[in-house]
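All chains are named by letter (A, B, ...) in the order of the sequence lines, taking the proteins before the strands, and each is independently numbered beginning at 1.
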Protein chains: 2
Amino acid sequence: MAQRGAYAKGVAKREEILEAALAVVAEHGYRKASVREIAETAGLSPAGLLHYFGSKEEMFVAILEARDQRDLREYAESDFISAFVDVVRHNAAVPGLVHLYARLAADAADPEHPAHDFFRQRTAQLEAIARGEIVAAQQAGTIRADLDPAWVMRTAHAVADGLQSAWMLDPTIDMAADLEQFLNLLRP
Amino acid sequence: MAQRGAYAKGVAKREEILEAALAVVAEHGYRKASVREIAETAGLSPAGLLHYFGSKEEMFVAILEARDQRDLREYAESDFISAFVDVVRHNAAVPGLVHLYARLAADAADPEHPAHDFFRQRTAQLEAIARGEIVAAQQAGTIRADLDPAWVMRTAHAVADGLQSAWMLDPTIDMAADLEQFLNLLRP
DNA sequence: GTCTATACTCAGATAGAC
DNA sequence: GTCTATCTGAGTATAGAC
């Protein structure tokens, strides 16, 4: 395993850096989250930080990857649709993450950006997982059978992302409740 | 009028700069849209450009403001709901704008950002305009009467923004069609 | 493999001349 | 209104210590 021997320290440091990065974004926003300040928070030099992550952008992608893997593990046994709402609800408790996600998603429009492939694969993976669950829900009669499963996933994803954007501007919005209301609308 | 006398040239130059900025974003993406390159495209020095807009970020906000005013004028006589779909459809033909909007919306999470107030006011204005139209549609029987008008607007807005994010990653998505499908779902 | 010091390049912004 | 010159701070490449 990667946790053994001479690498253990490096793995721990990597995670410490990711936590420091998220903390800085949460406190000062993405714009002011410089490599210098994150490195300082994590207790090393900027060059030391880059030793682990090649570039600032790759470091931020690593945060989103870690988040997805945590969510995937945590909600592995729940049904997909309620897990989806739970993740959005949980995101409201981690403001830095939502900000980071929105910012990287925008930057990822550029095919050269390190996050471009990550977002495309993430969307594809999400759709692959969801498709079966949506079809099953349609057969079970909890989602209208006349709706295209691909459209359902695309639109639920869009609602979640769009609500998160709105929530950053106005945190009084209840993202999870609004998303649930949308999912209710899919019922027969 | 602002078009008269010694100011006419300044006004024209302002618009020329905004067009140059949008062209650069459309071609190279926001990340590579430096003040230097935009200034070069508009035929003046970086400092000359900043004379008009104070900062890079304020310049980009000015582009979004101009877009909204154009849309508002163009669709003043259409009904709100079909205009909403038309605007999204039209956005697919102006890739730089969608990219710019997504990026600024993410940055605007920071209350210090020049775009913060713009986005908050824009959302408030959109909701004010929409509310009457949605209530009227409910009375006319084209939107389910049991739905909260504020929720309808928030969610339609979220769908539009979220689909635009997805479209930047995968331009084969038909944003307007997906949005219309959502609006159909609101029907009784 | 882990990490620092240094330095390079580019960005946005500012001061002041014209 | 627009320029040149300059400032400050960003990201990061490099060389090399441990």
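Using a 4.0 Å cut-off, some side-chain N or O of B:Ser45 falls inside it from OP1 or OP2 of D:dC3. Put simply, A:His51 has a side-chain N or O that comes within less than 4.0 Å of OP1 or OP2 on C:dT2.
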Intermediate values then yes/no, side chain to side chain contact (heavy atoms under 4.5 Å, CB included), A:His157 and A:Arg122: CA-CA 11 Å; A:His157 192 178; A:Arg122 187 184 124 99; 4.2 Å; yes
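The line from NE2 of A:His28 to NE2 of A:His99 is 12.0 Å long, rounded to the nearest 0.5 Å. Residue A:Asp107 holds its CG atom at 10.5 Å from CZ of A:Phe60, rounded to the nearest 0.5 Å.
For the pair B:Leu49 CG and D:dC3 P, the computed distance is 10 Å after rounding to whole Å. At whole-Å resolution of the value, NE2 in B:His113 and C1' in C:dG12 are 13 Å apart. The distance from atom CD of A:Glu16 to atom C1' of C:dT2 is 13 Å, rounded to the nearest whole Å. Atom pair A:Lys9:NZ and C:dG1:P shows a separation of 14 Å (rounding to whole Å applied). Counting to the nearest Å, the C1' atom of C:dT4 and the CD atom of A:Glu40 are 15 Å from each other. The separation between B:Glu58 atom CD and C:dG12 atom P is 14 Å, rounded to whole Å. One interatomic measurement links the two molecules: CZ of B:Arg31 to C1' of C:dC10, which rounds to 14 Å at whole-angstrom precision. Whole-Å rounding puts the A:Arg14 CZ to C:dC3 C1' distance at 16 Å.
The environment of CD in B:Glu40 is sparse: at most 12 heavy-atom neighbours from other residues, nucleotides or ligands sit within 6.0 Å.
With axes fitted over five pairs at each extremity, the angle between the ends of the helix from C:dG1-D:dC18 to C:dC18-D:dG1 is 10° (10° resolution).
Not one N or O on the side chain of A:Lys32 forms a donor-acceptor pair closer than 3.5 Å with the backbone of A:Glu37.
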Sequence-aligned protein contact record of nucleotides 5-18 of chain D, with B where the base is within under 4.0 Å of a protein heavy atom and S where only the sugar-phosphate is: -----SBB-B----
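In terms of heavy-atom proximity, A:Leu179 sits nearest to A:Val88 at CD2-CG2, 3.8 Å. Here the closest heavy-atom approach between residue A:Met168 and residue B:Ala105 is recorded as CE-O, 4.4 Å.
Salt bridge annotation for B:Asp86-B:Arg89: present, with a cationic side-chain nitrogen under 4.0 angstrom from a carboxylate oxygen.
A:Met175 and A:Leu97 are assigned to two separate hydrophobic clusters, defined by single-linkage of ILVMFWY side chains at heavy-atom distances under 4.5 Å.
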